[in-house]
K.L.:
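Before I ask anything, here is the structure I am working with.
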Amino acid sequence: MNDRMTWIEIQDKIGWIKINREKKLNALNRDLIDELHERLVDFQKHSSVKVIILTGSGDKAFVAGADISEFSSFDPQQAEALALNGNRVLFDFIAQLEKPVIAAINGYALGGGLELAMACHLRIAAQHAKMGLPEVSLGVIPGYGGTQRLPALIGKGNAIQMILTGDMIGADKALQMGLVNQVVPAEKLLEAAINLAERLMKNAPHSIKNAIKALNAADGTSKGFQEETLQFSKCFGTADFEEGIAAFLEKRKPQF
Ligand code: COA
């Protein structure tokens, strides 16, 4: 069952999902988001899967963000629908999954890519990985939970700095801030993810499920997520948005 934009495998009770859109740095378009949802639903139901590991193909990117070319002409209503659907089928879906999901960050995790990693329960980064939420450089803001999950992980002061500058940070800095749980050399990334999965699998599945539910309840309020969707969608159609997206697609620096 390895077709389309994801590659999956079940091995030793681990459900592997590899995003397979390397030429576009594994950017998340709508079909890919729907496909990831299908894969997650299958693994959720599959009794032999105890832990899920999500990674990207190639050594350059985990996921370089939402697919910018896809939403370039969206208006605020379409943007709101995009964010609500993405959160429902992928980002919140992962966060609320009853089986632990580990992100093995094999390169750039930017924008929606970092939001995807943050929706996972645990994150291991390869030494060369770079992480950031560069949306403000494109005339938007994070729309897949980034404004809520980043401060929950690294504190509001650090999150404000990352979101308002749009700067990327390296894996060591991410570890120091608490954005990732572990950093390993690139060639050890999958091995480290397997080791962590095996440690989780030794524990009681019911306790893992209940702990995830309880920990999620500590994560801000749904009001914060609603405000993010509102502010995200309000960026669409503005002159800043048009300039930011055009600059990316034309491979030049934006002039805001
Ligand atoms: N959406 C759509 N396409 C993307 C993308 C994204 N988020 N990120 C990368 N790509 C595409 C590029 O357009 C390029 O396609 P092309 O070969 O058809 O021109 C291809 O992936 C390779 O990317 P490129 O920019 O040429 O690689 P690079 O090594 O010069 O730069 C990055 C790598 C990650 C720094 C750069 O791709 C980037 O800034 N991506 C966007 C990150 C971002 O802003 N994400 C948030 C989105 S909301």
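Order of listing sets the numbers, starting from 1, for every ligand and every atom in it.
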K.L.:
Check whether K18 reaches the backbone of S57 with its side chain - one donor and one acceptor, N or O, closer than 3.5 Å.
P.N.:
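Side chain of K18 to backbone of S57: no pair is present.
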
K.L.:
Return the residue, atom name and 0.1 Å-rounded distance of the protein heavy atom closest to atom 39 (O) of ligand 1.
P.N.:
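Heavy-atom neighbour on the protein nearest atom 39 (O) of ligand 1: F248 CE1, 4.0 Å.
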
K.L.:
So is P134 close enough to ligand 1, meaning a heavy atom under 4.0 angstrom away?
P.N.:
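Yes, P134 has heavy atoms under 4.0 Å from ligand 1.
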
K.L.:
Quick one: does ligand 1 sit under 4.0 Å from the side chain of A64, the backbone, both or neither, non-hydrogen atoms only?
P.N.:
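Both of them.
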
K.L.:
I want to know if ligand 1 touches K60 in the polar sense, i.e. an N/O pair below 3.5 angstrom.
P.N.:
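The answer is yes, given that K60 and ligand 1 share an N or O pair closer than 3.5 Å.
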
K.L.:
Starting from atom 9 (C) of ligand 1, locate the nearest protein heavy atom and write down its residue, its atom name and how far away it is, to 0.1 Å.
P.N.:
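Protein heavy atom at minimum distance: L25 CD1, 3.8 Å.
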
K.L.:
Between atom CD1 of I33 and atom CZ of F91, what is the distance when rounded to the nearest 0.5 Å?
P.N.:
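Rounded to the nearest 0.5 Å, the CD1-CZ separation comes out at 5.5 Å.
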
K.L.:
Are V51 and L196 close enough that some pair of their side-chain heavy atoms sits under 4.5 Å apart?
P.N.:
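Contact flag for V51/L196 side chains = no.
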
K.L.:
Distance below 4.0 Å between atom 36 (C) of ligand 1 and any protein heavy atom?
P.N.:
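There is no protein heavy atom less than 4.0 Å from atom 36 (C) of ligand 1.
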
K.L.:
What do we get for L138 next to ligand 1 when only non-hydrogen atoms under 4.0 Å count, side chain, backbone, both or neither?
P.N.:
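The answer is the side chain.
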
K.L.:
Could you label the plane-to-plane angle of the F236 and F232 rings as parallel, tilted or perpendicular, counting under 30° as parallel and over 60° as perpendicular?
P.N.:
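Plane angle over 60°, so perpendicular.
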
K.L.:
How close do G146 and I163 get, heavy atom to heavy atom, and via which atoms?
P.N.:
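Between these two residues, the closest heavy atoms are O-CD1, 4.1 Å.
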
K.L.:
As an exercise, state the distance from NZ of K173 to CE of M162, rounded to the nearest 0.5 Å.
P.N.:
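One finds 10.0 Å between NZ of K173 and CE of M162.
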
K.L.:
Would you confirm whether R21, through its side chain, and A27, through its main-chain N or O, come within 3.5 Å as a donor-acceptor pair?
P.N.:
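Pair found, side chain donor or acceptor close to backbone of A27.
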
K.L.:
So, for atom 30 (O) of ligand 1, does the protein have a heavy atom nearer than 4.0 Å?
P.N.:
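Within 4.0 Å: no protein heavy atom nearby.
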
K.L.:
Is any NZ, NE, NH1 or NH2 atom of the basic residue among K213 and E98 found under 4.0 Å from an Asp or Glu carboxylate oxygen of the other?
P.N.:
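The answer is yes: the pair qualifies as a salt bridge.
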
K.L.:
Is there a protein heavy atom less than 4.0 Å away from atom 21 (O) of ligand 1?
P.N.:
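Within 4.0 Å of atom 21 (O) of ligand 1, protein heavy atoms are found.
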
K.L.:
Salt bridge check, E38 against R4: does any charged N sit closer than 4.0 Å to a carboxylate O?
P.N.:
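Salt bridge present between R4 and E38.
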
K.L.:
Around atom 1 (N) of ligand 1, find the nearest protein heavy atom and jot down its residue, atom name and distance.
P.N.:
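Answer, as residue, atom name and distance: I68 N, 2.9 Å.
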
K.L.:
Out of curiosity, is E70 lining ligand 1, as in a heavy atom under 4.0 Å away?
P.N.:
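For ligand 1, residue contact (heavy atoms, under 4.0 Å) with E70 is absent.
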
K.L.:
Flag E135 as yes when one of its N or O atoms lies below 3.5 Å from any N or O atom of ligand 1, and as no otherwise.
P.N.:
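No, since none of the N or O atoms of E135 sits under 3.5 Å from an N or O of ligand 1.
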
K.L.:
Please indicate whether any nitrogen or oxygen in A66 is less than 3.5 Å from any nitrogen or oxygen in ligand 1.
P.N.:
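Right, the criterion is met.
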
K.L.:
Show me which atoms of ligand 1 lie under 4.0 Å from any heavy atom of D67.
P.N.:
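Those qualifying, in numeric order: 1 (N), 2 (C).
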
K.L.:
Just which atoms of ligand 1 are under 4.0 Å from any heavy atom in L110?
P.N.:
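Within the 4.0 Å cut-off of L110, ligand 1 contributes 34 (C), 42 (C).
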
K.L.:
Between E198 and K50 (salt bridge meaning N to carboxylate O under 4.0 Å), is one present in this structure?
P.N.:
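A salt bridge is absent here (no side-chain N lies under 4.0 Å from a carboxylate O).
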
K.L.:
Between ligand 1 and K24, is the shortest N or O to N or O distance under 3.5 Å?
P.N.:
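It does: an N or O of K24 is found under 3.5 Å from an N or O of ligand 1.
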
K.L.:
Please work out, at 4.0 Å between heavy atoms, whether the side chain, the backbone, both, or neither of K23 comes within that distance of ligand 1.
P.N.:
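For K23, the contact with ligand 1 is made by the backbone alone.
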
K.L.:
Go through ligand 1 atom by atom and flag the ones less than 4.0 Å from a non-hydrogen atom of Y108.
P.N.:
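By the 4.0 Å cutoff, the relevant atoms are 33 (C), 34 (C).
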
K.L.:
Mind checking whether K130 has a heavy atom under 4.0 Å from ligand 1?
P.N.:
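Under 4.0 Å: no for K130.
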
K.L.:
Indicate yes or no: does D92 engage R149 in a salt bridge with an N to O separation below 4.0 Å.
P.N.:
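Result for this pair is yes, salt bridge flagged.
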
K.L.:
For atom 26 (O) of ligand 1, find the nearest protein heavy atom and state the residue, atom name and distance (0.1 Å precision).
P.N.:
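The answer is K251 NZ, 4.0 Å.
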
K.L.:
How long is the span from the CG atom in L110 to the CD atom in E115, to the nearest 0.5 Å?
P.N.:
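L110 CG to E115 CD: 11.0 Å, rounded to 0.5 Å.
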
